Colleague: 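To start, I am sharing the structure in question, which I have written as structure tokens.
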Number of protein chains: 2
Amino acid sequence: MTWKMFGTAEPDVLTEQFRQCDTKNLLLRSLSAQDFALLAPHLTRVPFSIGDPLSHAGDAIDSLCFPEEGIAGVLDALDGDHRYAVGLIGAEGFVGWPLLLGNSRSPYDVVMRAERGEALRIAAEHFVAAVEQSVTLRLSLLRFVNVFMIQMGRTIVSSLAHSIERRMARWILLYHDRVRDDDICMTHEEFSLMLGVRRSSVTDALHRLEEERAIRAGRGRITVRDRAKLMRLAADTYGHAEAEYRRLLGDDRGLSLRPASHGQDVAVATSLG
Amino acid sequence: MTWKMFGTAEPDVLTEQFRQCDTKNLLLRSLSAQDFALLAPHLTRVPFSIGDPLSHAGDAIDSLCFPEEGIAGVLDALDGDHRYAVGLIGAEGFVGWPLLLGNSRSPYDVVMRAERGEALRIAAEHFVAAVEQSVTLRLSLLRFVNVFMIQMGRTIVSSLAHSIERRMARWILLYHDRVRDDDICMTHEEFSLMLGVRRSSVTDALHRLEEERAIRAGRGRITVRDRAKLMRLAADTYGHAEAEYRRLLGDDRGLSLRPASHGQDVAVATSLG
DNA sequence: TGGTTGCGGTACGGAACCGGACAGAGCCCT
DNA sequence: AGGGCTCTGTCCGGTTCCGTACCGCAACCA
């Protein structure tokens with residue numbers, strides 16, 4: 001009797017109606033009941049595999065996704081060869097925000113970066129109709145856009161000012177915030193492409209983080225071992241955007257990203273129970 | 001009988017009423033007459049000197065600025081020491097967008113980066129009231145926010161992928177787009193702080209650009225000499241955000257940033273005549 | 001006119017990181 | 001068990017860029 005019953009196939013939208021407590025997307029859960037009701041009739045749960053595109057740079061945005069499980073990497077490309085990560089989006093946000101900003105075409109590639117992802121999808125026309133009806137709905141979604149901009153700003157300054165090791169610590173934390181357990185499924189090669197560094201530089205940086213006992217590295221997997229130490233290593237590259245998220249979208253609604261101290265995501269776990 | 005009559009002191013808001021053709025801010029000019037009328041009664045023209053803050057990180061946003069002359073540098077700080085540029089805003093946009101995104105506090109320092117700046121200022125409460133009244137007004141402003149996000153994304157990938165020389169070419173173009181003549185007033189020291197590189201690296205990069213005859217360098221000033229060559233040197237770090245601006249806010253209203261080819265800003269000049 | 005200050009040019013050693021390459025180690029498939 | 005593949009660990013020289021320092025020059029001011 002959990003949401004899993006909707007999981008695999010795409011059901012006829014009209015026959016299913018999501019309840020707000022059925023979704024694991026924090027942004028949707030933070031909405032008022034009325035605002036959620038504007039979106040709910042048009043939501044469809046869809047599965048994603050690693051590498052699946054959620055949106056493609058230059059294409060028209062015909063639907064938006066509210067991730068429930070997994071991580072969406074937002075990538076910008078230079079002339080089509082390498083693609084670099086400008087940010088990450090998980091269950092705390094949504095993909096397709098340019099539509100909210102009056103741009104019907106996606107400026108970025110957005111790609112599922114976890115082996116098993118799930119998202120609630122809504123068609124663009126229904127989305128636009130809903131946000132035009134409700135000021136508060138629009139505001140909640142725009143607040144997430146604001147937080148994402150802050151995350152991008154941090155990406156800029158950390159890439160300008162800090163070593164690969166510190167930036168790695170930051171990205172691992174960004175991933176860790178958005179997965180259930182402590183495992184991050186990603187190869188050094190994928191990390192290197194997203195961070196814009198050499199593959200073996202990733203290897204070296206991970207070794208140093210491992211020596212510090214902050215993580216454990218396996219083949220195609222990184223396990224967070226000491227989150228507090230990672231945060232110390234990431235220093236001021238991490239935490240600002242997350243605090244803004246809590247301030248703007250979290251506090252008064254009992255939601256949060258993974259809490260500052262190490263541990264399971266209590267807020268989500270209890271509110272799901 | 002030009003707008004200059006309003007220039008120096010701050011006049012009593014109620015006694016002056018801007019006409020749309022009186023402003024040099026491209027965003028305001030692109031609005032419909034009705035949308036402009038919502039803002040106009042509350043606009044005040046204010047002068048800025050180099051270094052003047054338009055907004056301070058963490059502070060409440062009590063007013064917004066639509067630049068007419070000069071350039072606003074958007075800076076993010078790490079723990080208070082160095083500040084790094086994440087983007088530039090001139091007459092094509094406005095400062096204070098977080099308010100539009102449901103955030104009443106500025107995430108960034110915004111500082112005037114030209115010796116003589118001017119902007120139309122509006123109090124936050126009047127701004128909010130106006131954008132809540134008009135969907136089209138809100139959309140135009142949000143479109144600018146969208147373009148600014150794209151500019152930030154480009155800042156990320158260029159800082160990850162490209163040499164100082166190329167990134168310098170990009171920033172010079174970003175400045176050049178936003179000033180009337182071909183002179184950019186900035187010391188190597190200021191450039192180095194904003195780009196997050198060593199001061200003498202700026203000197204070296206400028207020398208190389210000068211050898212290519214793309215610019216001329218003077219004391220505290222850089223003069224654009226061959227814009228086309230600068231664009232070739234900047235490669236794909238420049239042009240994407242600008243094209244999006246034209247697509248979303250320019251084409252159908254006869255506005256544009258400095259055109260792709262070398263020359264004076266014809267569109268603005270003629271529409272002002 | 002001469003001092004003061006800030007800006008620009010230059011130099012040097014060292015650190016970080018790159019590009020490329022290669023070998024071993026883990027994993028899957030047959 | 002063995003073959004093939006991907007991922008990881010490691011090494012090389014070379015380059016970019018940093019940190020620092022020093023000096024000359026321009027602008028400003030008394």
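Here is how names work: the chains are called A, B, and so on, in the same order as the sequence lines, proteins then strands, and each is numbered from 1. It should be emphasised that the depicted structure is a prediction, and the values quoted were computed from it without experimental measurement.
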Colleague: Expressed as a whole number of angstroms, how long is the span from B:Glu210:CD to C:dT10:C1'?
Modeller: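 Spelled out: CD on B:Glu210 to C1' on C:dT10 is 15 Å.
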
Colleague: Rounding to an integer number of Å, can you tell me how far A:Ile50 CD1 sits from D:dC7 P?
Modeller: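 Atom CD1 in A:Ile50 sits about 10 Å away from atom P in D:dC7.
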
Colleague: Please determine, for the side chain of A:Thr187, which listed nucleotide (D:dT8, C:dG8, C:dT10) has the closest atom?
Modeller: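 The closest nucleotide is D:dT8.
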
Colleague: Between D:dT10, C:dG8, C:dG9, spot the one nearest the side chain of A:Asp204, thanks.
Modeller: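 Selected nucleotide (nearest to the side chain): D:dT10.
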
Colleague: Anything under 3.5 Å between a protein N or O and an N or O of nucleotides 15-19 of chain C, put it in a table, one pair a line.
Modeller:
unit_1, atom_1, unit_2, atom_2, d
C:dC17, OP1, A:Ile164, N, 3.2
C:dC18, OP2, A:Arg198, N, 3.3
C:dC18, OP2, A:Ser201, OG, 2.6
C:dG19, N7, A:Arg198, NH1, 3.3
C:dG19, O6, A:Arg198, NH1, 2.8

Colleague: Check this for me, if you would: do A:Asp183 and A:Arg221 make a salt bridge, where the nitrogen-to-carboxylate-oxygen distance has to be below 4.0 angstrom?
Modeller: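 Yes, charged N to carboxylate O under 4.0 Å.
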
Colleague: Are A:Glu210 and A:Arg225 close enough for a salt bridge, meaning some N to O gap below 4.0 Å?
Modeller: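 Looking at A:Arg225 together with A:Glu210, the answer is no, because their closest N to O distance does not fall below 4.0 Å.
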
Colleague: Centroid-to-centroid, A:Phe191 to A:Trp171, below 6.0 Å?
Modeller: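 Aromatic pair excluded; centres sit 6.0 Å or further apart.
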
Colleague: Nearest whole Å is fine: how far is D:dT16 C1' from A:Leu160 CG?
Modeller: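 Rounded to the whole Å, the gap is 15 Å.
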
Colleague: Does A:Arg199 make a side-chain donor-acceptor contact with the base of C:dG20, cut-off 3.5 Å?
Modeller: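 A donor-acceptor contact between them is absent.
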
Colleague: Measure the acute angle between the ring planes of A:Phe144 and A:Tyr245, then classify it against the limits of 30° and 60° as parallel, tilted or perpendicular.
Modeller: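 Plane angle over 60°, so perpendicular.
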
Colleague: Over how many whole Å does the gap from B:Glu189 atom CD to C:dG8 atom C1' extend?
Modeller: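 These atoms are roughly 11 Å apart.
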
Colleague: Between the side chains of B:Arg170 and B:Thr155, does any donor sit under 3.5 Å from an acceptor?
Modeller: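 B:Arg170 vs B:Thr155: donor-acceptor pair found between side chains.
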
Colleague: Measure from CZ on B:Arg221 to P on D:dA26 and round the result to the nearest Å.
Modeller: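 My rounded result for the distance is 14 Å.
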
Colleague: Take atom CG of B:Leu193 and atom P of C:dG8, then tell me their distance rounded to the nearest Å.
Modeller: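 These atoms are roughly 12 Å apart.
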
Colleague: Rounded to the nearest Å, what distance is computed from the NE2 atom of residue A:His188 to the P atom of nucleotide D:dC7?
Modeller: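 Value for this atom pair: 11 Å.
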
Colleague: As a test of understanding, state which of B:Arg45, B:Lys24, B:Arg178, B:Arg121 forms a salt bridge (Lys or Arg N to Asp or Glu O under 4.0 Å) with B:Glu68.
Modeller: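 It is B:Arg45; the other options fail the test.
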
Colleague: What is the separation between atom CE on B:Met168 and atom C1' on C:dG8, rounded to the nearest whole Å?
Modeller: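 Distance check: B:Met168 CE to C:dG8 C1' gives 13 Å.
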
Colleague: Does the side chain of B:Thr237 come under 3.5 Å of the side chain of B:Ser158 through a donor N or O and an acceptor N or O?
Modeller: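 Checked: B:Thr237/B:Ser158 side chains show no N/O donor-acceptor pair below 3.5 Å.
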
